[in-house]
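Each chain gets a letter, A, B and so on, in the order its sequence line appears, and its residues count up from 1.
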Protein chains: 2
Amino acid sequence: MGATKTEHFTNKHNAIATLAKALGHPARVAIIDYLLHAENCICGDIVNELPLAQPTVSQHLKELKNAGLIKGSIEGNSICYCIDEKAIAKMKTYFVHISMTLAKKKNNCY
Amino acid sequence: MGATKTEHFTNKHNAIATLAKALGHPARVAIIDYLLHAENCICGDIVNELPLAQPTVSQHLKELKNAGLIKGSIEGNSICYCIDEKAIAKMKTYFVHISMTLAKKKNNCY
DNA sequence: ATTTAATATTGCAATATTACGATATTGAGT
DNA sequence: ACTCAATATCGTAATATTGCAATATTAAAT
């Protein structure tokens, strides 16, 4: 017990959960926000922006990367991280779909 | 250490993270999916749909409720849970906004 | 009032996450 | 080769999450 029973759920549900989980921490939301607005996307800047130590930021970046929300390319001795549009598109589609289905459905709670 | 430093982040970032975190588990995504398609939304049905024991499902429902993703009204001796459209709208807006900003931006990663 | 069905709460063990100091790696500039 | 700057990894402590058996609660039906 304690471990998520991933194998019992559908791929679709697991995929959404993985992306959502990656955004389930304010530091990671802040990183996405930063990447969305930054001109250049060198990681050192992100460390300065966040109230967290460098290893912690590095760990959060890793999680975003594992989940597929960001991708990084080495650029000299620093790294250019940026948002992976495909992951954002997936989440956008997911919520748009829920929204539309709900609109048609006449929700039956007060 | 080990606790998220919520107080160091903006309300906006914390709000998105809270909603995302609530969806960061396949069981909770499955619950939302079920509520989206179910005619009647009695909790017992959800327990039968999921590969988890009743207390576990109850706990997941509680988390979705705390995060504001679902709301529940007592209906006789069962409970009518349903999706809170406002929370979905918030997430939809969030991802639509990222998507649009990215489209204008010409992402600079390969 | 008792029983039954639906749901919630408690308590606890297993596991995961968060955070960071210390240390490693790696590429650029000297 | 040496140093410096940027980033990653390791190790580990603190905390949170997941899952469930046992138990409690509550409303309907008898």
>> Could you check whether any side-chain N or O of A:R28 sits under 3.5 Å from a backbone N or O of A:A22, counting only pairs where one atom can act as donor and the other as acceptor?
In response: yes
Working to the nearest 0.5 Å, report the span between [atom1] of [X] and [atom2] of [Y].
X      : Y     : atom1 : atom2 : value
A:H25  : B:T18 : NE2   : OG1   : 10.5 Å
A:D33  : A:I83 : CG    : CD1   : 8.5 Å
B:L35  : B:E49 : CG    : CD    : 10.5 Å
B:M91  : A:Y94 : CE    : OH    : 9.5 Å
B:T101 : A:L36 : OG1   : CG    : 4.5 Å

Describe the nucleic acid contact of [X] in one word from base, sugar-phosphate, nothing, applying a heavy-atom distance below 4.0 Å.
X     : value
A:E63 : sugar-phosphate
B:K21 : sugar-phosphate
A:S58 : base
B:T56 : base

> B:L64 CG to C:dT7 P: how many Å, rounded?
Replying inline: 15 Å
> Rounded to whole angstroms, how far apart are CZ on A:F9 and P on D:dT18?
Replying inline: 11 Å
Contacts under 3.5 Å, N or O only, protein and nucleotides 21-30 of chain D:
none

> Can you tell me if the side-chain N/O atoms of A:H60 get under 4.0 Å from OP1 or OP2 in C:dT17?
Replying inline: no
>> Would you say B:Y81 places a side-chain N or O within less than 4.0 Å of OP1 or OP2 belonging to C:dA6?
In response: no
> DNA chain D: A:S78 or B:Q59, which has the more 5' nearest nucleotide?
Replying inline: A:S78
